[in-house]
Amino acid sequence: MTTWLKRQGFKPNITVAIFFAVVAVFFYGSILWTSYMSLTRSTLIPKYEVVGLVQYVDLFTNQRWLVSCLNMVIFGVFYMVGTLAFGILLAVLADRRIKAESFFRTIFLYPLAVSLIITGLSWRWLLDPTSGLQALVRGMGWESFTFDWLTRPDRAIYTLVIASIWHSAGLVMVIVLAGLRGIDSDLWKAIRMEGIPLWRAYLQVIFPGMRPVIASCVVLLMSEVIRGYDLIIAMTKGGPGIATEMPAKFAVDFYFTRVNLGLASAASMMMLLLSLLLLTPYFYSEFRRRI
Amino acid sequence: MSSISVRRIKKSFAALTILHSVDMEIEKGEFVVILGPSGCGKSTLLNVIAGLEECDEGQIVIEGKDVSGLEPSERGLAMVFQSYALFPAMTVRRNLSFGMEIAGTPKATVAEKVAWVAKLLQIEALLDRKPGQLSGGQRQRVAIGRALVRSSSICLFDEPLSNLDAKLRAETRVELKQLHETLGSTMIYVTHDQIEAMTMADRVAVMHKGKVEQFAHPQSVYEKPASLFVAGFVGSPAMNFLEGNLDGLGRFVTGDVSIDTSAYAFEGPPLAREAVLGVRCENISIVERGTPQTIPAMLAFTELLGADALAWFDCLGKRFSVRLGVEAARSMRKEVGLRFDMAKASLFSVASERRL
């Protein structure tokens, strides 16, 4: 095979070199350039005079940025806990050899095939008090029914949580289900021999043994939280007011509509830093295990 | 009173019958090995005894009590699995104590039992480690420990040594046998390894296609196999077989050779019928070709095994193995005659495949 490839003039070094060049320039190059920009007073046009950490000071005195960060924390906690709980529950139910398992699996995985923009639009229609669920229930005769979270500044963030859980729970379900299917059947026999109740078996034996699988789910969901942008655009556009602003949207807004390249770059760098902080423990534990 | 009675157990999966009416009486303190090739139903039988699988018909009685409808945890027995099946996220100590904790055993008793079993199996130093930090042999010890903590009177083993390397397997075999003698517990042990069966068992149940073909002391399984299958399955190299006829006059006839069977202990009257003569490699002697009552043979090759040797002959279209001394194997002539020790041979009916 190798000699055949050589005769065809196959040059692995060149192929790989191109790939590395692309990654180096567009990925790490962009990061370097952004970090440079975050140290300048660039607005629409880049300025190359370094002024220190002024943009970072501005960023952390910016009310909108602080609200964005707080929103991300609220959204992140509820979304991750909710998605994991719901996805794991579905996986356990599917693993109990229910009838028509593949039918339900498809149904719960289906939302993942829908883009976040469509998800956001659908949920906006569904939750809009004047046209969606509230109007429907009132139309059926329950006049006092109220579900207006989408338009309430203190509740709008939770509508994003609901839509996101709907979107991601299926993914967690299939990953966890794959993990459960990999459990040695002898382990289940041992659990039955010891007379361990089912819920304790899952909580104390099965899931603790599946830590890498669940860690992968957490990492996937975490990246969804940090880069969250399209769902907000489709569902709330950051509103009402700035009630559902998030860091990614903040950065995009300041790059392209408010033309403050320096501040947007500083925001981007903070997001990168946050990702690294959250992911480092994961990679550390993965690598440590392999050595 | 027997410790475990298996009564007319039948089990099938859809159209496939796994167990055809299995009966077995196991005495208290006995070490019983269920031996058979893969797919013979031996693991299914063990699972049925443990209650991990339900049988279609029949009864399991443990110490006088019908347990057929009970959950595995209520049957008063313990089990050791091939893949150890330790609880992965728990320390060894927790693995040993978790079942008792579930059952609500008082803390002092739990600690006492864990200490007892840890000392017995010499795993005291491992108590605070997790299964992932143990070697295969250590994991198997912990698994045995977990079973003993649960029930030291009846223990089931499902191919417990198959995942260990050869040296460790031999060591663990001896230890398990000693453990059985120390504790005097009833043990049922499933394996496909005949050496384990021969060395450990008080009685071996040889299974084939969902039936127990023979249930006897390992030595009598070896010397007096009850069926053609047992004869071929137990022993290495396999027993040599020769097809022929019993003439009803005390002779076994194959081709133009006839062998006097007067030294053979028939179980019934020696009627004329088609039969198979089986003889082990150590019960054949090599003589001059043409000696009466012998079979002409042509040497194919010899294998030196260190302590002794095997000579392989072609005779009457079959390959025969003969065990002999190393010197005799070196100086073996090409053309010889083989004489069978009929007192130690086996005769089987072709029709029923049972011993005659």
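Predicted model, so just to flag it, every value in this text is computed and none were measured. We name chains A, B, ... by the order of the sequence lines, and we start the count at 1 in each one.
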Please look at [X] and chain A and tell me whether the side chain, the backbone, both or neither of the residue comes under 4.5 angstrom of a heavy atom of that chain.
X        : result
Met79(B) : both
Leu77(B) : both
Glu74(B) : neither

Look at atom [atom1] of [X] and say whether more than 12 heavy atoms of other residues, nucleotides or ligands are closer to it than 6.0 Å.
X         : atom1 : answer
Phe207(A) : CZ    : yes
Lys177(B) : NZ    : yes
Tyr202(A) : OH    : yes
Ile195(B) : CD1   : no
Phe20(A)  : CZ    : no

Proximal to chain A - members of residues 111-148 of chain B, heavy-atom separation under 4.5 Å: Arg146(B)
Within residues 98-106 of chain B, the residues sitting under 4.5 Å from chain A by heavy atom, in sequence order, are Phe98(B), Gly99(B), Glu101(B), Ile102(B)
Of all of Ala190(A), Pro197(A), Ser185(A), Ala201(A), which one pairs up most often with chain B through heavy atoms under 4.5 Å apart? Ala190(A)
Indicate yes or no for a side-chain donor-acceptor contact from Arg192(A) to the backbone of Pro72(B) under 3.5 Å, with no hydrogens or angles considered. no
Please check this pair: side chain of Arg150(B) against backbone of Met193(A), looking for a donor-acceptor N/O pair closer than 3.5 Å. yes
Minimal non-hydrogen separation, Pro208(A) against Ala89(B), with atom names: CB-CB, 3.1 Å
Nearest heavy-atom contact between Pro88(B) and Gly209(A) is CG-CA, 3.7 Å
Spatial distance of atom CD1 (Ile196(A)) from atom OG (Ser73(B)) [nearest 0.5 Å]: 9.5 Å
Before giving the answer on side chain to side chain contact (heavy atoms under 4.5 Å, CB included), spell out for Tyr84(B) and Asp186(A) the whole-Å C-alpha distance, their side-chain angles and the decisive distance to 0.1 Å. CA-CA 8 Å; Tyr84(B) 323 128; Asp186(A) 276 357; over 6 Å; no
Would you call Phe81(B) and Leu187(A) a side-chain contact if the rule is heavy atoms closer than 4.5 Å? no
Residue selection (most heavy-atom pairs with chain A, distance under 4.5 Å) from Asp158(B), Val80(B), Asn47(B): Asn47(B)
